[in-house]
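Since we're looking at a predicted model, the values are computed, not measured. As the structure lists them, so they are numbered: ligands from 1, and atoms in each ligand from 1.
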Amino acid sequence: MAEKIIIFDTTLRDGEQSPGASMNVEEKLRVARQLERLNVDVIEAGFPMASDGDFEAVEVIAKTIEGCQIAALARADIADIDRAWEAVRYAKRPRIHTFIATSDIHLKYKLKKTKEQVLEDVARAVSHAKGYTDDVEFSAEDATRSDLKYLCQVIETAIEAGATTINIPDTVGYAIPSEFSQVIRTIKGQVPNIDRATISVHCHNDLGLAVANSLAAIESGARQVECTINGIGERAGNASLEEIVMAIRVRKDLLDVYTDVNTEQIYPTSRLVSTITGMVVQPNKAVVGANAFAHEAGIHQDGILKEKTTYEIMTPDSVGIPKSSLVLGKHSGRHAFREKLKELGYELTSTELDIAFQRFKKVADQKKVVYDEDIIAIVEDEIFRIPDRYKLIHINVQSGTVTIPTATVQMEVDGRVVQDAGFGDGPVDAALKTIQKITKSKSRLVRFSVAAITGGTDAQGEVTVKIEEDDQTAIGQGASTDIIIASAKAYINALNKLEYRKKRLRGL
Ligand SMILES: [Zn+2]
C-alpha cells in the first residue's frame with residue numbers, strides 16, 4: 001500500500017536565507033496562508049533566535065495558521081530552544097526542530113567540540129525540547145560528510161532522548177543519489193531504535209541533485225522531505241517542492257508513495273513567492289517555469305494536437321496553470337478577474353475584490369490587454385498599498401556612444417516638487433543615482449533584475465529592485481515598455497516601501 005510522504009516546507013526559513021530573499025512579517029504570513037492552501041504538512045516558519053523579526057514571524061504564523069504543523073528552528077542549545085518554544089507554542093501542533101553538526105570538519109573548525117561532547121549536547125537539547133512538546137525533530141547538520149558510524153550513534157542518542165523525526169541534511173549539496181540512498185539504508189539497518197522515528201531528508205542543490213537525492217532517499221525509506229517553493233534557499237537552493245511533489249505524483253507507479261499536497265495550488269504559490277521575494281523563476285524551470293508546458297518543435301506540436309500524452313507527462317491544470325492563459329481586457333467581468341487573481345496566488349475578501357476590480361476597469365480602458373504583471377501591480381498597489389512618500393513626475397535620460405549618460409528627474413517628495421540632474425555609468429545608473437540624490441536615501445541597491453513580460457522589441461519590461469538599509473529591505477517592481485522608466489518606477493516603489501517599514505518600526 002502506498003505510504004505518505006510528509007512535506008515539510010522551509011521556504012520561510014531556509015528559503016528566506018537565499019541571498020536577497022528576506023521577507024518581512026506580513027509577507028511571511030501571506031506566504032504561510034498560501035502554504036496552508038497548498039496543504040503542506042509542516043511549515044518551518046523561522047529561526048526565532050536569529051532575529052526579532054524571525055521571532056515575530058514564527059509567533060504570528062503559529063497563532064494564525066491552523067491547517068499545518070508549525071516548526072521553529074533552534075540550535076542544540078538551551079537558550080535557543082527556549083526562544084523557539086516561546087514563539088511556536090501558540091501553534092495547534094507545534095514542533096521544535098533542533099540541530100547540531102556531526103561532521104569532523106564542523107566539529108573541529110566550527111564547534112571545536114569532541115564527538116562525545118556533541119553526543120551530550122544532542123541528548124540534553126532533545127530532552128529539553130521534549131519537555132515542551134512531543135513533536136521534536138533533530139537534524140545532524142552536514143550528515144553526508146559525517147562518519148556514518150558516528151552519525152548512527154548520534155541518531156540513536158537523539159531518538160533515545162525523544163526525537164520523533166530524524167533529519168539527514170545534505171547541507172552542502174555534496175551527495176550523489178546512489179550514495180545518499182546507501183546512507184539512508186544504513187541508518188535504517190544500523191540504528192536500533194530507528195522504528196520510533198520518521199526519517200527526513202533536507203537536500204541542497206549545489207550540484208543540481210537536491211531533488212534526485214530526495215527521491216533516492218524516499219526509495220530507501222525516508223518519509224519526510226524538506227523542500228522550498230521554487231527551490232529557493234542558501235546558495236544554489238533547496239530541493240524544489242513542486243518538482244518533488246509532481247515526481248511523486250507522476251511516477252506513483254514506481255515510487256508507491258503519495259503526498260497530501262493540493263497540486264492545483266502549486267502555480268499560484270510559485271507566483272506569490274516569486275512576487276514577494278523578487279526572485280524571478282527561470283523560464284525553463286521544471287513544473288512552474290513559463291516554458292514548462294510550451295511545445296515549440298513542429299513535430300511536438302503536431303503530436304500534442306493529436307494526443308496530449310505524446311509529449312506531456314502531466315497537465316498544466318494539474319499544477320494550477322490554467323488551460324489557456326486567461327488574458328484579461330476591458331470586457332472581462334468580475335468573475336474572470338477573481339479567477340485570474342486566484343491563479344496569481346491572491347485570495348481577496350469581497351470588499352478588497354471590489355476595490356481592485358474598479359481599478360482594473362480603469363486600467364483596462366487604457367490598455368487593450370491587461371497583463372498578469374499589471375494585475376499584480378494593481379493588487380499590490382490597491383490592497384497591500386502603502387502611502388507613497390515619493391512620486392515620479394517625469395524623467396528624461398540621454399545616453400549614446402558619445403555622451404555621458406545624464407538623467408533629469410522631477411519628483412514629488414512629501415507633496416513638494418523637487419528636481420535634479422545627475423550622471424551615471426549607463427542610463428539606468430544615471431536615473432537611479434538622480435532619484436537617490438532627490439530622495440537622499442541612504443539605502444543600498446542589492447539586486448536589480450529585468451524580465452521581458454512579452455516577446456518582441458515592444459515587450460513590456462518588468463524590473464525588480466531590492467534595496468537595503470540597516471536591517472530593513474524592500475522590493476520594488478515597475479513595468480513599462482521603456483526599460484529606464486520601468487527601472488525608475490521599481491526603484492521609487494522600493495524606496496516608498498522602505499520608508500513605510502521604517503515608519504512602522506518607529507511606531508508611527
Ligand atoms: Zn538548508
*Which protein atoms of type N, O or S are found under 2.8 Å from the Zn ion (ligand 1)?*
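Asp14 OD2, His202 NE2, His204 NE2, with waters left out.
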_Passing candidate, side chain to side chain donor-acceptor pair (under 3.5 Å) with Asp135, options Gln69, Arg93, Lys130_ =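 Exactly one pass, corresponding to Gln69.
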_Shortest non-hydrogen contact between Glu44 and Thr10, atoms and distance_ = OE1-OG1, 2.8 Å
*For residues Ser270 and Val281, report the shortest heavy-atom separation together with the two atoms involved.*
OG-CG2, 4.0 Å
_Plane angle bin for His202 and His204 - parallel if under 30°, tilted between 30 and 60°, otherwise perpendicular_ =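 The arrangement is tilted - the two ring planes meet at 30° to 60°.
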*asked:* Quick check: do Lys4 and Asp260 have side-chain heavy atoms less than 4.5 Å from each other?
replied: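 Side chain of Lys4 against side chain of Asp260, heavy atoms only: contact under 4.5 Å found.
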*When you measure from the centre of the six-membered ring of Phe99, is the NZ or CZ of Arg75 under 6.0 Å away and within 45° of the axis?*
no
